[in-house]
Amino acid sequence: QVQLVESGGGLVQAGGSLRLTCTASGSTFSSYAMGWFRQAPGKEREFVAAINWSGDSTLYADSVKGRFTIDRDNAKNTVYLQMNSLEFEDTALYYCAGQNVGAGETKFGTWGQGTQVTVSS
């Protein structure tokens, strides 16, 4: 089981960029698919992006496609979310999540504590 810690959130103007980082502890990171989710005040948590264990397959929510990029560095136990052309509607608490594909998990079962992203209009 890994533990996940997010960083990189903050306050940015609309049109700006931020890069979120999620660092995992433990030696089995490369067997995890990784994802980013977000939750805005008063709203349900929603999927943002995901990447498979090797980094050669990614998936994005329609709302962020073309603006956000997910990638990972298994040597550093890290997954990133590069967010460009940020919009006010991107304001949310962003969570990193892991799915232990190597252990047969079928959903994201490991979560970080979240990092706040606030976009000013």
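All residue numbers in this chain count up from 1 along the given sequence. Keep in mind that the numbers below use all heavy atoms, side chains included, and drop hydrogens, waters and symmetry copies.
Taking 4.5 Å as the limit, some side-chain heavy atom of Asn100 sits within range of a side-chain heavy atom of Ser31. By the 4.5 Å heavy-atom criterion applied to side chains, Tyr60 and Ile70 are counted as neighbours. Taking the side chain as every heavy atom from C-beta outward, Gln113 and Glu6 approach each other to under 4.5 Å. Side-chain contact between Leu20 and Tyr94: present, with at least one pair of heavy atoms (C-beta onward) separated by less than 4.5 Å. Residues Thr78 and Phe29 form no side-chain contact, since every pair of their non-hydrogen atoms from C-beta on lies 4.5 Å or further apart. Here the side chains of Phe68 and Trp36 are not in contact, with every heavy-atom distance at 4.5 Å or above.
The minimum heavy-atom distance linking Ala92 with Ala40 is given by the pair CB-N, 3.8 Å. Taking all atoms of both residues into account, the shortest heavy-atom contact from Leu18 to Gly8 is CD2-O, 3.8 Å. Shortest non-hydrogen contact noted between Asn84 and Ser17 is OD1-OG, 2.9 Å.
Asn52 contributes a side-chain N or O that, together with a main-chain N or O of Ser57, makes up a donor-acceptor pair within less than 3.5 Å. The backbone N or O of Trp53 lies less than 3.5 Å from a partner atom in the side chain of Asn74, making a donor-acceptor pair. Not a single donor-acceptor pair under 3.5 Å links the side chain of Thr58 to the backbone N or O of Ile51.
Considering only residues two or more places apart in sequence or on other chains, Glu87 meets the salt bridge (charged side-chain N to carboxylate O under 4.0 Å, His left out) condition with Arg67. With sequence neighbours left out, Thr110 forms a side-chain contact (heavy atoms from CB on, under 4.5 Å) with Gln1, Val2, Leu4, Tyr32. A search for salt bridge (charged side-chain N to carboxylate O under 4.0 Å, His left out) contacts involving Arg19 returns nothing, not counting sequence neighbours. Scored by the salt bridge (charged side-chain N to carboxylate O under 4.0 Å, His left out) test, Glu105 finds no partners at all (sequence neighbours excluded).
Within the structure, every pair that satisfies the salt bridge (charged side-chain N to carboxylate O under 4.0 Å, His left out) test and touches residues 28-44, not counting sequence neighbours, is listed here: Arg38-Glu46, Arg38-Asp90. Sorted by first then second residue, the disulfide bond (SG atoms under 2.5 Å apart) pairs that include residues 90-121, not counting sequence neighbours, are Cys22-Cys96.
In the hydrophobic clustering of ILVMFWY residues, with side-chain heavy atoms under 4.5 Å counting as a link, Phe37 and Tyr80 come out apart. Linking Ile, Leu, Val, Met, Phe, Trp and Tyr residues whenever their side-chain heavy atoms come within less than 4.5 Å places Val79 and Val117 in a single cluster. Hydrophobic clustering (side-chain heavy atoms under 4.5 Å, transitive across Ile, Leu, Val, Met, Phe, Trp, Tyr) keeps Met34 apart from Leu93.
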Test side-chain contact (heavy atoms from CB on, under 4.5 Å) applied to Leu86 and Gln13, step by step: CA-CA 8 Å; Leu86 281 161; Gln13 287 188 329; over 6 Å; no

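Ring geometry for Trp111 against Tyr95 counts as perpendicular: the plane angle is over 60°, on a 0 to 90° scale with 30° as the lower cut.
Atom-to-atom distance recorded for Gln116:CD and Thr91:OG1 is 7.5 Å, nearest 0.5 angstrom.
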